[in-house]
> 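Before I ask anything, let me first share the structure, which is written out below as structure tokens.
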Amino acid sequence: MDARYKSREIERRSLDVDGLKRSFLEWLVYSVGKDARAATRRDWFHTVALAVRDRLVDRWMDTTRTYYQQDAKRVYYLSLEFLIGRLLTNSLANLGITDQCRQALDRIGLNLDDVVEAEPDAALGNGGLGRLAACFLDSMASEALPGYGYGIRYEFGLFEQRFEHGWQVEYPEQWLQFGNPWEFPRPEVLYPVQFYGRVEEFRDSVGERAYRWVDAERVLAMAYDTPVVGYGGDTINTLRLWSARATRDFNFGHFNDGAYMKAVEQKVLTENLSRVLYPNDATEGGKELRLKQEYFFTSASLQDILRRYLQHHSNFDSLPDKAAIQLNDTHPAIGIAELMRLLVDQHGVTWDKAWDITRATFSYTNHTLLPEALEAWPVRMMERVLPRHMQIIYEINAKFLNRSKARAAGDNGRLSRLSLIDERGDRRVRMGNLAFLGSHKVNGVSALHTELMKQTVFADFHAEFPERINNKTNGITPRRWLHQANQPLAALITSRIGNGWIKDLSQISALAEKADDLVFREEFRRAKRKNKKRLAAYIARQTGVDVQVDSLFDVQVKRMHEYKRQLLNILQAIALYNEMRDNPTVSWVPVTKIFAGKAAPSYHMAKLIIKLINDVAKVVNHDPSVHDNLKIVLLPNYNVTAAEIIMPAADLSEQISTAGMEASGTGNMKLALNGALTIGTLDGANVEIREHVGDDNIFIFGLTAEEVNDLRASGGFNPRDVIASNPSLKRALDMISTGVFSPDDPHRYHPILQALTDGGDHFLVTADFSDYCQAQQAAMDLYRDQEEWTRKAILNTANMGWFSSDRTIMEYATEIWDVHPVKPEHPAETET
Ligand code: GLS
């Protein structure tokens with residue numbers, strides 16, 4: 001090798017300050033095309049990202065090559081959402097070169113924190129489901145598991161939220177506008193994906209009946225790869241996202257007709273497939289484009305998986321030994337019919353064999369029991385868009401119902417509930433049933449949620465396949481959510497117990513004994529205060545509201561949804577506001593209520609609740625009679641980057657969903673790990689958080705899932721009675737209805753009041769109000785005793801080790817996937 005080239009090779013890998021600095025200066029000029037004087041912050045971000053990327057590539061290729069050489073079993077995580085956020089800080093930390101990078105930039109006269117700020121937040125997801133997928137990628141790489149993420153490279157991520165006169169307004173999120181230095185386009189990795197057309201029956205070479213899908217429209221899926229750096233930088237896995245491309249031959253006819261503009265128009269329409277992320281969380285749009293997106297990325301991923309498998313194998317018998325495919329919710333569930341189609345129609349595998357292979361390969365995670373979120377595609381749409389798949393689904397269904405018939409013993413209700421087709425009204429394909437049937441394992445995301453799955457939506461399937469449902473309680477990556485986001489606390493922890501916790505969060509339990517150590521408590525408080533100061537500055541920048549750093553930071557950050565009950569929280573805020581005004585001489589614990597979260601653009605009730613919070617905030621924050629003891633802020637545009645600032649600064653974590661409705665929650669874990677005390681219902685993973693942190697260190701209130709169920713079933717619940725018997729609730733609602741917070745439009749909140757009264761209060765806000773207020777009071781009382789509060793906060797942090805996504809992912813690996821860690825071989829490094 002040419003000596004100069006060789007030395008540059010080594011330089012690209014160099015992790016020391018000088019090497020990094022030289023790389024930065026070279027990249028700025030030769031790749032970004034700027035000199036240091038003209039470079040903007042964004043130019044520097046691209047420069048640093050490209051230089052850091054250089055340091056990943058060898059190890060990335062080593063990782064891939066090792067998997068290939070060992071023909072390792074891989075796990076493929078199929079997800080319509082990956083909410084990864086920024087990557088620079090994460091990559092530096094996982095490579096262990098944050099300090100070197102900071103110093104190198106320092107020598108050029110730049111600050112790493114400023115450079116980091118120029119990175120757009122990759123918001124390819126809505127909320128918890130998408131963020132979980134991102135935490136899992138981090139954990140798979142950190143645990144050296146051969147894991148691939150497959151999804152869509154949306155051009156527009158989740159919309160940007162702004163408030164205009166207190167109302168949510170959506171703006172496009174153009175995260176790719178200035179290029180994405182982390183991704184590698186793979187124009188050669190292209191797969192055709194078909195839609196529409198019809199199915200033709202024919203006889204195959206041995207005279208058997210066979211089918212082919214003809215006259216279909218074709219789109220190409222092109223791959224973009226992003227390296228996923230595991231902690232320590234040893235394993236670097238791949239996130240492969242698909243982008244839609246029109247085929248080249250696609251409109252020859254049009255060109256020949258001279259209809260050039262029409263052809264180009266058609267190309268743009270085709271490529272719309274990967275243009276935008278659907279902005280609904282836990283609800284299903286039911287739109288054809290969505291179905292096409294689901295099939296598009298699933299088909300491309302499966303073709304890619306089979307191609308990789310066939311490099312080592314000549315038949316499909318051992319596919320389940322070499323590939324585990326995890327369906328992240330039902331969004332990729334059409335993959336079950338697609339794998340059948342690929343095996344049977346394209347590779348000539350017999351039906352029964354193909355079905356065994358399919359079931360042994362797939363597994364499915366359910367993320368919500370909300371009925372409106374259970375995907376069910378109209379049969380007529382499916383027949384039109386994916387005609388061959390519809391046939392395959394009918395066939396799977398017929399065979400299954402036939403088998404179950406004997407066991408159902410004339411119970412037709414049971415058979416119709418088990419059916420893949422919902423025959424009531426407009427016939428629909430139940431994607432949850434398809435996912436269940438086509439998988440060998442099906443899991444829920446918290447202990448309670450899994451139990452409820454067995455009792456409700458999947459009760460009949462559970463009776464049919466009692467071994468199939470299992471629980472995998474969610475987790476969060478300690479790298480991003482403590483090590484990276486909360487540097488003051490991370491440094492304190494490391495100073496006492498070493499840094500082993502970053503890789504093995506169970507070690508954090510060693511902090512428990514420090515809860516009684518006054519010096520440690522003082523330092524713990526100091527770390528929290530630092531984070532609160534940072535958040536206070538962020539709040540001031542974003543909203544113009546000044547908040548007291550020493551007030552109780554009471555935080556509810558998550559999507560806006562009625563079941564999450566931001567309404568309960570703001571009603572309690574109004575009640576507290578009234579108490580403060582009524583009793584001005586009392587020495588109140590100052591409270592700052594911090595909200596953040598987006599509403600789906602078409603979810604009118606959620607948007608109205610946003611407006612209510614903003615309206616209440618305006619009145620309260622400007623009322624001198626409360627002496628700044630209560631401040632309310634709703635931060636705009638909640639995303640991963642904002643969460644990284646908010647989580648470390650919270651004192652109190654609001655997890656107040658109607659019991660039985662939040663499948664798990666993961667924000668609850670991030671907040672508790674960062675030393676916030678939870679105020680919550682016995683819902684989702686709150687139940688397990690309580691078990692781990694201890695009953696004394698959490699504020700539990702409200703109806704249980706069982707009580708909610710009974711109350712709803714009894715039909716005897718009357719919210720008007722509850723309101724009449726609770727003067728503080730009645731007063732808060734009266735203030736809303738008389739326009740105290742909306743003098744410009746006193747009737748604005750009529751729909752909310754209506755839902756809480758005549759509407760029957762489906763989410764049981766009124767039912768839980770009084771208990772919630774008591775729990776809030778207990779939290780405020782405790783906050784007066786800073787020593788005791790801190791002791792409990794430390795115990796929260798110390799006892800959250802189990803909620804690491806490393807623990808979750810290893811449970812998936814051993815109990816569902818049978819995938820094992822593979823240590824990459826790094827020959828390149830021993831050579832140099
Ligand atoms: C969700 C649930 O609503 C959350 O409770 C859960 O934590 C998350 C990840 O499992 O999945 N389901 C969903 O559709 N969106 C979510 O955030």
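Each ligand, and each atom within it, is numbered from 1 in the order the structure gives. For the numbers below, each heavy atom of this structure counts, side chains included, while hydrogens, waters and symmetry mates do not.
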> For Arg712 and Thr658, which heavy atoms make the closest approach, and how far apart are they?
NH2-CG2, 3.8 Å
> Is there a polar contact, in the sense of an N or O pair closer than 3.5 Å, between Glu662 and ligand 1?
yes
> How does Asn474 reach ligand 1, by side chain, by backbone, by both or by neither, if only non-hydrogen atoms under 4.0 Å count?
side chain
> Search all heavy atoms of Ile656 against all heavy atoms of Gly680 and return the closest pair with its distance.
CG2-CA, 4.4 Å
> Do the ring centers of Tyr603 and His561 come within less than 6.0 Å of each other?
yes
> Where is the tightest heavy-atom contact between Met453 and Gly444, given as atom of each residue plus distance?
SD-CA, 3.5 Å
> For ligand 1, is any non-hydrogen atom under 4.0 Å from Leu129's backbone (N, CA, C, O), its side chain (CB onward), both, or neither?
both
> Report yes or no: is the cationic atom of Arg240 (NZ for Lys, CZ for Arg) closer than 6.0 Å to the six-membered ring centre of Tyr148, at no more than 45° off its axis?
no
> So, is Gly665 polar-close to ligand 1, with some N/O to N/O distance under 3.5 Å?
yes
> Taking atom CD as the centre, does Glu372 end up with more than 12 heavy-atom neighbours from other residues, nucleotides or ligands that are less than 6.0 angstrom away?
yes
> Please state which option from His561, His367, Lys564 has its nearest heavy atom closest to atom 11 (O) of ligand 1.
His367
> List ligand 1 atoms under 4.0 Å from Val445, heavy atoms only on the residue side.
10 (O)
> Scan side-chain atoms only and decide if Asn697 and Asn796 contain a donor-acceptor pair under the 3.5 Å cut-off.
no
> Please list, in number order, the atoms of ligand 1 under 4.0 Å from a heavy atom of Tyr563.
3 (O)
> Can you find an N or O of Gly128 that's nearer than 3.5 Å to an N or O of ligand 1?
yes
> Report the part of Asp281 (side chain from C-beta onward, or backbone N, CA, C, O) that has a heavy atom under 4.0 Å from ligand 1; answer both or neither where that applies.
side chain
